[in-house]
Amino acid sequence: MITRDQIATILEEIALLLELKGENPFKIRAYRTGAEVVQTHSEDLLALAGEEDLKPLEAVKGIGSALAKKFHELVTTGKLAFYDDLKAEFPETIFELFEIQGLGPKKVKALYEELGIDSAASLKTACEKGEVAGLSGFGQKTEKKILEAIAFQEANADQFRMGHVAPQVEEIRDALKAHPQTTRVEVAGSYRRGKETVHDLDFLVATPKPKEIMDFFVSQPFVESVINHGSTKSSIRLEDGLQCDLRAVSPEEYPCALVYFTGSKEHNIALRSLALKQGYSLNEYSLSPAEPKSPKTKTTSQASNVTPKKKPPAIHEEADVYKALGLDYIEPELRENAGEIEAAANHSLPRLVETGNLHGTFHNHTTASDGQNSLREMADAAMELGLEYLGIADHSKSSFQANGLDEKRLLKQVAEIRKLNDEFGKKFRIFAGTECDILKDGTLDFDEATLAQLDYSVASVHSSFTLGEAAMTKRIIKAIESPYITMLGHLTGRLLLKREPYAVDIPAVIDAAAATGTIIELNASPWRLDMDWRWWRLAAEKGVRCSINPDAHRTAALQFLYLGVKSARKGWLTKNDVINCLPLSKIETELQRKRASASK
DNA sequence: GCCGTTTTCGGCCCGACTGTTTTCAGTCG
């Protein structure tokens, strides 16, 4: 049975191929709209498409008679002749060219028709030979930019975004857990540590029958190919190229193995040297008495510091490993050898924020701009997640591409929100806001009189990414100096594995946020996770508060909050650092704090 | 290809930026 996502992918590919053929851009847009609709429409479109009478399907906005017929063909036969014919006209690898930043349909078409370039590899070769610069419409700079974009892609080729592998992690973990011979299962490695991107997945199981688990693992339906198949260790590749390693250990070995395979490498090295100082040897299987050093190596000062061999305490859990070394339990997200071991030794580790601490969230979109669900649908979804409040922040008028709201439409939305809030009573609240564009010179897309009518506002950069660092920093700081800008959205504009962050002096922005009382967003979109976790300790030290925001453009995307929480934890944040851990009864005062103090 | 009609064809989202041009096409948000 074909899925919604598969149909959407087919429609997207049709759109790309039609662009290559120079088709009517509005026809192309219709296919893209169709892809959106099939993914997000609340009715069961696949069921409607299976019917003989397609009238109900055609009644759906964005679907006309042509698309309805194609859906019907896909659902009933699993194929689409129109798509197959179209695809047959071009090599499969042509899609790679669309992934390269700076290349759109026109340039891809020229490259394909003039030079026969049909893959990223052949494009790279042509650029290196200087052939591309000679094409009409291309030049030296374009050629250089293409090479840079290809290099960026190559550098990230084996990397995957945490948020995008999460469903696969769940599937694999569930499959392993369901096996009767596994007593414990966990995903380890950088995924468990909450890294924003990972290059593979490491699973660990405790089992008395490792061989049986290995045979089971390599024969699962999610396996695209088997890389290694041993008796305690196997590696497979998933369809999207992601490598997954599985290690099987005995239940006794499991706690030490989990520490070892969670890493980081630097954290493990520090742990092992700490163990050695205490007379233990720590490896991937056990914590054991350290063997006395041989006379040859005894001359080093470190070896002479080793205390006599002693019997380690019993280890049942991962926490016991840390306890045996005189440490508090260190959460996986903190294991980067960035001071966590010292903090664990003197009992000063932070109590990290948890998803369950969140009472609400800000920065979400609706159909008013480029979101796919209505105000009410977004509110209902937030309530289902157990949240008490939801901040709406649709795009402002300068974001034309996102159907940004002008003052009139914004105030109309505010009125709608107030009306819905009357209906919700005390149990739930929508906060009316905006994602206000920061224009090139740092001025805001709305004047303060307009912003003052909102409950809060997020300021974000969506244009002129190529300003130099000094100008960009000045621009952002100017924007957040407005008393009506409650929080700063996606600080660096990065798109993980796709677009580098723009140049900006992050410590200077953090200082300005501290000085002005501006909250900084941790944008929890799987593409962004921006501001990066590496900066949050500094921000928190300076007294800057964080808001974990999913930047949801559809109800399902509210779930991305958990990614933001993982990143916040990796940045050592506690619930006191995160404003959306405040209950509804207290959040409003917090939103008003900045403008209230400015008016004093 | 969809929509909405002044019911059967015309309109469909705008502007900045870049690099190529020598007045603008292509890409991006």
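Each chain gets a letter, A, B and so on, in the order its sequence line appears, and its residues count up from 1.
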Q: Could I get the full list of ring-ring contact (aromatic ring centres under 6.0 Å, His included) partners for A/His395, not counting sequence neighbours?
A: A/His365, A/His462

Q: For B/dT8, which nucleotide is its Watson-Crick or G-U wobble mate, given both distances must be under 3.5 Å?
A: none

Q: Say whether A/Asp445 and A/Ser396, considering side chains only, have a donor N or O and an acceptor N or O under 3.5 Å apart.
A: yes

Q: I need the full list of salt bridge (charged side-chain N to carboxylate O under 4.0 Å, His left out) pairs touching residues 45-71 of chain A, with sequence neighbours left out, sorted by first then second residue.
A: none

Q: B/dT5 and B/dG10: how far apart are their C1' atoms, nearest whole angstrom?
A: 10 Å

Q: Quickly work out the A/Leu103 CG to B/dC28 C1' distance and round it to whole Å.
A: 13 Å

Q: Are A/Asp5 and A/Thr3 close enough that a side-chain donor and a side-chain acceptor fall under 3.5 Å?
A: no

Q: Based on the glycosidic angle (syn within 90° of 0, else anti), state the conformation of B/dT8.
A: syn

Q: Heavy atoms only, 4.0 Å cut-off, all strands: where does A/Pro105 land among base, sugar-phosphate and nothing?
A: sugar-phosphate

Q: Round to the nearest Å and state the distance from A/Glu36 atom CD to B/dG1 atom C1'.
A: 16 Å

Q: Taking the C1' atom in each of B/dC14 and B/dT7, what is the distance between them to the nearest angstrom?
A: 31 Å

Q: Output all residues satisfying salt bridge (charged side-chain N to carboxylate O under 4.0 Å, His left out) with A/Arg418, sequence neighbours left out; order by chain, then residue number.
A: A/Asp455

Q: Any pair with a residue in residues 557-570 of chain A that passes side-chain hydrogen bond (donor to acceptor under 3.5 Å, both in side chains), sequence neighbours left out, goes on the list, sorted by first then second residue, please.
A: A/Glu331-A/Arg569, A/Glu333-A/Arg569, A/Glu336-A/Lys570

Q: Give the residues of residues 432-445 of chain A touching DNA chain B, defined as any heavy atom closer than 4.0 Å, sorted by residue number.
A: A/Lys440

Q: Which of residues 48-71 of chain A have a heavy atom under 4.0 Å from DNA chain B?
A: A/Val60, A/Lys61, A/Gly62, A/Ile63, A/Gly64, A/Ser65, A/Ala66, A/Leu67, A/Lys70

Q: Return the 5'-most residue of the pair A/Ala402, A/Gly102 with respect to DNA chain B, ranking by each residue's nearest nucleotide.
A: A/Ala402

Q: By the salt bridge (charged side-chain N to carboxylate O under 4.0 Å, His left out) test, which pairs, at least two apart or in different chains, include something from residues 507-528 of chain A?
A: A/Asp511-A/Lys542, A/Arg528-A/Asp551

Q: Mind checking the P distance from B/dG26 to B/dT22? Whole angstroms is fine.
A: 14 Å

Q: Tell me: CZ of A/Arg32 to P of B/dC2, nearest whole Å?
A: 15 Å

Q: For the residue pair A/Lys87 / A/Tyr83, report whether a side-chain donor-acceptor contact shorter than 3.5 Å exists.
A: yes

Q: Can you check the A/Gln401 CD to B/dC17 C1' distance for me, whole Å?
A: 14 Å

Q: Please enumerate all residues that pass salt bridge (charged side-chain N to carboxylate O under 4.0 Å, His left out) together with A/Asp577, with sequence neighbours excluded.
A: none

Q: Can you tell me if A/Thr466 touches the phosphate of B/dT18, counting only side-chain N or O atoms and a distance under 4.0 Å to OP1 or OP2?
A: yes

Q: Within this structure, what is the NZ-to-P distance between A/Lys107 and B/dC17, rounded to whole angstrom?
A: 17 Å

Q: Under the ring pair (Phe, Tyr, Trp, His ring centres under 6.0 Å) definition, can you give me all pairs with a residue in residues 441-460 of chain A, not counting sequence neighbours?
A: A/Phe362-A/Tyr456

Q: To the nearest 0.5 Å, what is the distance between OG1 on A/Thr473 and OH on A/Tyr502?
A: 10.0 Å

Q: For each nucleotide in nucleotides 19-25 of chain B, reading 5' to 3', give B when a protein heavy atom comes within less than 4.0 Å of its base, S when such contact involves only the sugar-phosphate, and - otherwise.
A: SSS----

Q: Rounded to whole Å, please give me the gap between NE2 in A/His462 and P in B/dC13.
A: 20 Å

Q: Using a strict 4.0 Å threshold on nitrogen-to-oxygen distance, state whether A/Glu114 and A/Lys109 make a salt bridge.
A: no

Q: How far, in whole Å, is B/dG11 from B/dT6 if one measures between their P atoms?
A: 14 Å

Q: For residues 150-169 of chain A, which residue pairs pass the side-chain hydrogen bond (donor to acceptor under 3.5 Å, both in side chains) check, not counting sequence neighbours?
A: A/Lys124-A/Glu154, A/Gln159-A/Thr197, A/Arg161-A/His164, A/Gln168-A/Asp240

Q: Are A/Thr518 and A/Thr516 close enough that a side-chain donor and a side-chain acceptor fall under 3.5 Å?
A: yes

Q: If I pick the C1' atom on B/dC13 and the same atom on B/dG29, what distance separates them, to the nearest angstrom?
A: 12 Å

Q: Taking only the side-chain heavy atoms of A/Ser464 (C-beta and beyond), determine which of B/dG1, B/dG26, B/dA16 contains the nearest atom.
A: B/dA16

Q: Rounded to whole angstrom, note down the P distance from B/dC17 over to B/dC12.
A: 25 Å

Q: Determine, for A/Glu196 against A/Arg534, whether the closest basic-nitrogen to carboxylate-oxygen distance falls under 4.0 angstrom.
A: yes

Q: With rounding to whole Å, what would you report as the distance between B/dT21 and B/dT27 at their P atoms?
A: 15 Å

Q: Round to the nearest Å and state the distance from A/His395 atom NE2 to B/dG15 atom P.
A: 17 Å

Q: Dump the pairs, protein N or O against N or O of nucleotides 10-12 of chain B, anything under 3.5 Å, distances to one decimal.
A:
none

Q: Specify the separation, in whole Å, of atom CD1 of A/Ile146 and atom C1' of B/dT18.
A: 13 Å

Q: Counting only N and O atoms by type, is there a donor-acceptor contact under 3.5 Å from the side chain of A/Asn580 to the main-chain atoms of A/Gly360?
A: yes

Q: Given that A/Ala30 and A/Asn403 both sit by DNA chain B, which one's nearest nucleotide is further toward the 5' end?
A: A/Ala30

